[in-house]
Amino acid sequence: MKLKGQVALITGAATGIGRASARLFAQEGAQVAIADINDKDSKETVRMIQDAGGKAMFIHTDVSAVPQLERMVRTTVDGFGKLTIFFHNAGIAGPGVLETTAEEDYDRCMAINLKAGFFGARFAVPEIRKAGGGSILFTSSGLGLRPSPQSPVYSLTKAGLIMLTRSLAVSLARENIRVNAICPGPVSETPIWQDFVNRVPGTNADEYGRKSLEGRPIARFGTAEEIARAALFLVSPENSYITGVALPVDGGGVAR
């Protein structure tokens with residue numbers, strides 16, 4: 001019960017890494033608020049948690065809309081009494097190469113991946129402060145630590161989350177609020193994977209997957225559950241001396 005007494009708010013928890021993290025956090029004792037635009041799968045995530053004896057609620061949230069981020073935090077606190085963990089996991093693959101990137105696609109990727117993390121933290125921090133401290137976690141990417149040849153916008157947003165992590169870690173440390181990021185490698189079972197494949201028209205999914213694993217020391221895809229366990233490690237109060245970290249969970253891809 002590493003998260004006993006904790007209240008966690010997770011964006012993008014309808015499927016994939018977010019769902020796996022929500023289930024694991026609940027298993028470890030947290031009450032979990034799931035914020036997502038996907039009603040059907042979010043409600044299924046809540047059901048999974050409740051069937052396992054945990055406590056969860058769903059808050060329909062378009063994270064690209066700042067007023068909805070504020071409402072998301074307020075609803076979490078109204079429902080569970082406090083907030084101690086904010087995990088901005090929601091994200092999209094974004095547009096492809098520079099020459100084919102439209103302004104509206106650039107703006108949407110920035111809004112969901114990066115702006116939502118900034119303003120989600122903006123509204124979460126006062127509540128975490130009231131609770132006596134806690135954790136903020138962002139899902140960055142291995143492609144925030146090294147550049148993506150397929151999407152400069154995606155790498156830009158994920159690198160921005162790493163700098164946001166470090167900036168907030170420095171400014172919030174004395175308030176007992178830790179801020180970290182996870183940097184996953186390829187996780188093929190998540191819905192976003194197909195979006196990565198589709199960014200460049202005509203991309204062969206098998207070939208794209210093979211290239212993603214090429215040269216990776218652990219030459220396989222990760223699982224959502226493996227990423228969730230790294231997330232649990234970083235938000236757990238027992239790891240209270242860790243802040244400002246961008247942790248690769250990528251089979252050694254960044255190291256290589």
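Scope of the values below: all heavy atoms of this structure, side chains included, with no hydrogens, waters or symmetry mates. In this chain, residues are counted from 1 in sequence order.
Separating the CG atom in L9 from the CZ atom in F123 is a distance of 12.5 Å, to the nearest 0.5 Å. Rounding to the nearest 0.5 angstrom, the gap separating the CZ atom in F25 from the CG atom in L3 is 6.5 Å. Annotation: the span from I49 atom CD1 to Q31 atom CD amounts to 11.5 Å, rounded to 0.5 Å. One finds the CG atom of D250 at 8.5 Å from the CD1 atom of I227 (value rounded to the nearest 0.5 Å). To the nearest 0.5 Å, atoms CD1 (I34) and CD (E44) are separated by 10.5 Å. In this structure, NE2 on H88 lies 10.5 Å from OG on S140, to the nearest 0.5 angstrom.
Considering only heavy atoms from C-beta on, L83 comes within 4.5 Å of V73 through its side chain. Between T190 and T15, the closest side-chain pair of non-hydrogen atoms is not below 4.5 Å. Residues R122 and V66 fail the side-chain proximity criterion, which asks for heavy atoms closer than 4.5 Å. Two residues are said to be in side-chain contact when any heavy atoms from C-beta on lie closer than 4.5 Å; M57 and F80 meet this criterion. Side-chain contact between I136 and V125 is present, with heavy atoms from C-beta onward closer than 4.5 Å. Between E127 and T76, every side-chain heavy-atom pair lies at or beyond the 4.5 Å cut-off. L234 places none of its side-chain heavy atoms less than 4.5 Å from the side chain of S135.
The minimum heavy-atom distance linking T139 with K158 is given by the pair O-NZ, 2.9 Å. Residues V187 and F221 come closest through the heavy atom pair N-CD2, 4.4 Å. Contact record, G94 with C109: CA-SG, 3.7 Å, taken as the closest heavy-atom pair. The shortest heavy-atom contact between M1 and Q27 is SD-O, 3.7 Å. For the residue pair L145 and P248, the shortest heavy atom distance occurs at CD1-CG, 3.9 Å. Here the shortest heavy-atom pairing between P186 and L213 reads CG-CD2, 4.1 Å.
At least one donor-acceptor pair under 3.5 Å links the side chain of S151 to the backbone N or O of P95. Using modelled atom types, no side-chain atom of Q6 and backbone atom of T84 make a donor-acceptor pair closer than 3.5 Å. No donor-acceptor pair closer than 3.5 Å links the side chain of K115 to the backbone N or O of V63. Between the D195 side chain and the A93 main chain, no donor and acceptor come within less than 3.5 Å of each other. Here the side chain of R129 pairs no donor or acceptor atom with the backbone of I177 at under 3.5 angstrom. Between the side chain of E226 and the main chain of T223, a donor-acceptor pair closer than 3.5 Å is present. A donor-acceptor pair under 3.5 Å is formed between the side chain of T45 and the backbone N or O of A13. Between the N239 side chain and the F233 main chain, a donor and an acceptor come within less than 3.5 Å of each other. No donor-acceptor pair under 3.5 Å is formed between the side chain of T157 and the backbone N or O of L114. Using a distance-only test at 3.5 Å, with no hydrogens or angles considered, no donor-acceptor pair links the side chain of S141 to the main chain of C183.
Under the 4.5 Å side-chain contact rule for hydrophobic residues, I112 and L137 do not share a cluster. F87 and V7 are assigned to two separate hydrophobic clusters, defined by single-linkage of ILVMFWY side chains at heavy-atom distances under 4.5 Å. Criterion: ILVMFWY side-chain heavy atoms under 4.5 Å apart, direct or through other members. Under it, L161 and F86 are part of a common hydrophobic cluster. Transitive grouping of hydrophobic side chains (ILVMFWY, heavy atoms separated by less than 4.5 Å) brings L69 and V77 into a common cluster. If you chain together hydrophobic residues whose side chains sit under 4.5 Å apart, L24 and I85 fall into the same group.
The list of salt bridge (Lys or Arg N to Asp or Glu O under 4.0 Å) pairs with a residue in residues 100-114, not counting sequence neighbours, is empty. Annotation: salt bridge (Lys or Arg N to Asp or Glu O under 4.0 Å) contacts involving residues 64-93, sequence neighbours excluded, are absent.
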- [ ] For V97 and Q150, run side chain to side chain contact (heavy atoms under 4.5 Å, CB included): C-alpha distance rounded to whole Å, both residues' side-chain angles, the deciding distance at 0.1 Å, then the answer.
- [x] CA-CA 5 Å; V97 296; Q150 288 85 22; 5.6 Å; no

Task: side chain to side chain contact (heavy atoms under 4.5 Å, CB included) between L143 and F196, worked out - done: CA-CA 12 Å; L143 296 175; F196 287 133; 5.8 Å; no

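Within 6.0 Å of CZ in R47 there are more than 12 heavy atoms belonging to other residues, nucleotides or ligands.
In this structure, K2 does not pair ionically with E28, as no charged nitrogen and carboxylate oxygen lie closer than 4.0 Å. Under a 4.0 Å N-O distance rule, the pair R210/E214 qualifies as a salt bridge.
Screening V46, N38, D41, V32 for a side-chain contact (heavy atoms from CB on, under 4.5 Å) involving F58 leaves a single residue, V46.
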